[in-house]
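To start, the structure under review is shown below, and the notes come after it.
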Amino acid sequence: MIIRKGPEELERIARAGDLVAATIAHVAEHIAPGITTGALDEIAGAFLASRGGVSASRGYKGYPAEICISPNDMVVHGIPGSYTVAAGDLLTIDVGASLDGAIADSAYTFAVGDVTPTARRLLDVCQQALAAGIAQARPGNRVGDISNAVQQVVEGAGFSVVRSLVGHGVGRYYHEDPHVPNFGQPGRGPKLSEGMTIAIEPMITAGGPDVYLHDDGWSISTQDGSLAAHFEHTVAVGAAGPRILTPRVGRAREIASLLQ
């Protein structure tokens with residue numbers, strides 16, 4: 001069932017979205033070669049608590065950490081721990097947070113120092129795909145319009161979308177209807193209407209679309225070992241068009257502007 005939100009609930013989700021964006025920016029300030037993903041997770045948890053928020057990830061179906069951190073060929077759901085960040089890494093920070101009963105969700109893949117031209121282009125294309133998908137989040141369109149817009153950008157650039165992972169509704173719960181795939185046909189799927197809040201999240205690879213689940217039951221990586229990128233915004237479908245509820249701030253905003 002798709003849950004449409006009224007103005008007051010939308011503003012609460014937006015405040016949760018501000019916290020999510022600020023958390024990503026705060027963690028980004030600490031990303032550097034030599035730090036472990038476990039240390040970054042502690043930084044995220046402390047920041048969320050200092051702002052009155054709670055991780056939406058910890059405890060969700062048993063997930064054991066505050067945020068998800070996925071390096072290089074890991075697409076999503078990386079469990080922070082002993083992995084030590086290195087120069088040249090791609091590092092995806094995925095934050096879901098609850099504040100005053102509302103939940104927002106966002107992700108950003110950072111380049112750690114200089115990366116290969118392919119990695120840089122992968123980041124650029126993934127952000128373009130996210131922007132193209134968000135542009136379709138308008139009343140009267142359908143989920144397939146979002147999906148197709150993402151797919152056209154990604155595959156047009158010679159990269160792949162991960163088809164077994166999808167975006168989702170969000171706001172009152174961490175995961176709500178509808179599913180928002182990153183591939184599909186325009187004009188298909190659930191109709192978008194004012195008050196819907198959805199997480200649009202291209203998950204793309206520099207190689208093939210296949211992925212596998214690690215033994216930890218959470219981490220998902222590319223089957224062929226190719227690099228992955230993941231960008232995500234929580235978006236409200238508004239009468240005047242899409243409204244991004246997790247706006248980029250700090251380092252994430254600076255990097256995003258360089259890629260535009």
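Note that this is a predicted model, so its numbers are computed, not measured. Here, residue 1 is the first one in the sequence, and each next residue gets the next number.
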Do Pro64 and Ile79 come close enough that some side-chain heavy atom pair is under 4.5 Å? yes
Donor-acceptor pair, side chain of Ser70 and main chain of Gly78, under 3.5 angstrom: yes
The reported gap from OG1 in Thr23 to CG in Asp18 (rounded to nearest 0.5 angstrom) is 10.5 Å
Value for CD1 (Ile220) from SG (Cys68), rounded to nearest 0.5 Å, stands at 10.0 Å
Determine whether a donor-acceptor pair (N or O, by modelled atom type, separation under 3.5 Å) exists between the side chain of Thr197 and the backbone of Val170. yes
Determine whether Ile3 and Lys5 satisfy the following criterion, side chain to side chain contact (heavy atoms under 4.5 Å, CB included), listing intermediate values before the conclusion. CA-CA 6 Å; Ile3 304 171; Lys5 288 82 176 181; 4.1 Å; yes
What I'd like to find out is whether the side chain of Asp94 reaches to under 4.5 Å of the side chain of Asp105, using heavy atoms alone. yes
Do side-chain atoms of Thr246 reach the backbone of Gly17 as a donor and acceptor pair under 3.5 angstrom? no
Can you name the closest pair of heavy atoms from Pro202 and Phe231 and give their distance? CD-O, 3.1 Å
Is the shortest side-chain heavy-atom distance between Thr36 and Ser82 below 4.5 Å? no
Rounded to the nearest 0.5 Å, the OH atom of Tyr83 sits from the CD1 atom of Ile35 at a distance of 13.0 Å
Do His77 and Ser219 pass the side chain to side chain contact (heavy atoms under 4.5 Å, CB included) test, and can you show the C-alpha distance, the side-chain angles, and the key distance before you say yes or no? CA-CA 5 Å; His77 304 165; Ser219 310; 5.5 Å; no
Picking from Leu245, Ile198, Ile200, Ile134, what satisfies side chain to side chain contact (heavy atoms under 4.5 Å, CB included) with His233? Ile134
Could you tell me whether a side-chain N or O of Asp177 sits under 3.5 Å from a main-chain N or O of Met1, the two making a donor and an acceptor? yes
Residues, nucleotides or ligands: over 12 heavy atoms within 6.0 Å of Arg4 CZ: yes
Tyr108 with Ile244, same ILVMFWY side-chain cluster at under 4.5 Å: yes
Got Arg120 and Asp124 here, is their nearest side-chain heavy-atom distance under 4.5 Å? no
Find the distance between CD (Gln127) and CG (Leu122) and round it off to the nearest 0.5 Å. 10.5 Å
Does one side chain, of Ser106 or Arg248, offer a donor that lies under 3.5 Å from an acceptor on the other? yes
Non-hydrogen atoms of Ala149 and Gln136 that approach each other most closely: CB-CG, 3.9 Å
State whether a side-chain donor-acceptor pair under 3.5 Å links Ser226 with Asp224. yes
Quick check: Tyr212 with His214 (ring centres under 6.0 Å apart)? yes
Nearest non-hydrogen partners of Gln223 and Val211, listed with the distance: OE1-O, 3.7 Å
When you measure from the side chain of Glu176 to the backbone of Arg172, do you find a donor-acceptor pair of N or O atoms at a distance under 3.5 Å? yes
Any side-chain heavy atom of Met196 sitting closer than 4.5 Å to one from Pro190? no
Can you check side chain to side chain contact (heavy atoms under 4.5 Å, CB included) on Leu91 and Ile31, steps first, answer last? CA-CA 9 Å; Leu91 198 70; Ile31 294 174; 4.1 Å; yes
Looking only at side-chain N and O atoms, does Tyr60 offer a donor or acceptor that is under 3.5 Å from a partner on Ser55? no
Kindly give the heavy-atom pair with the smallest separation between Arg138 and Leu192, and that separation in Å. O-CB, 3.5 Å
Between Glu11 and Arg243, does any NZ, NE, NH1 or NH2 come within less than 4.0 Å of an OD or OE carboxylate oxygen? yes
Same cluster for Val143 and Leu130 if Ile/Leu/Val/Met/Phe/Trp/Tyr side chains link at under 4.5 Å? yes
Side chain to side chain contact (heavy atoms under 4.5 Å, CB included), that's the test. Do Asp73 and Ser221 meet it? Break it down for me. CA-CA 6 Å; Asp73 64 331; Ser221 293; 4.2 Å; yes
Please identify which of these residues, Thr205, Asn72, Leu227, Val162, meets the side chain to side chain contact (heavy atoms under 4.5 Å, CB included) condition with Thr222. Thr205
Output the distance between atom CG (Asp210) and atom OG (Ser164), rounded to the nearest 0.5 Å. 8.0 Å
With a 6.0 Å cut-off on ring centres, are His168 and His179 close enough? no
Is there a side-chain contact between Leu99 and Arg12 (heavy atoms, below 4.5 Å)? no
Any donor-acceptor pair under 3.5 Å linking the side chain of Gln151 with the backbone of Gly184? yes
Should Leu48 and Ile69 be counted in the same cluster of Ile, Leu, Val, Met, Phe, Trp and Tyr side chains packed under 4.5 Å apart? no
In the structure I gave you, are the side-chain heavy atoms of Asn182 and Ile204 within less than 4.5 Å of one another anywhere? no
I need the Phe110 CZ to Leu123 CG distance, nearest 0.5 Å. 10.5 Å
Same cluster for Val166 and Val161 if Ile/Leu/Val/Met/Phe/Trp/Tyr side chains link at under 4.5 Å? no
Keeping the roles fixed (side chain from Asp145, backbone from Arg142), state whether a donor-acceptor pair exists under 3.5 Å. yes
Quick one: does Lys61's side chain have a donor or acceptor within less than 3.5 Å of a partner on Gly59's backbone? no
Please answer whether the main-chain N or O of Val112 pairs with a side-chain N or O of Asp89 as donor and acceptor at a distance below 3.5 Å. no
May I ask you to decide if His230's main-chain N or O and Thr109's side chain share a donor-acceptor pair within less than 3.5 Å? yes
Residues Glu8, Arg15: salt bridge by 4.0 Å N-O rule: no
Closest non-hydrogen atoms of Arg58 and Asp41, given as atom of the first, atom of the second and distance, are NH2-OD2, 4.2 Å
Taking every heavy atom of Ala228 against every heavy atom of Leu90, the minimum-distance pair comes out as O-CD1, 3.8 Å
Membership question, hydrophobic clusters at under 4.5 Å side-chain separation (ILVMFWY): are Phe183 and Val150 in the same one? yes
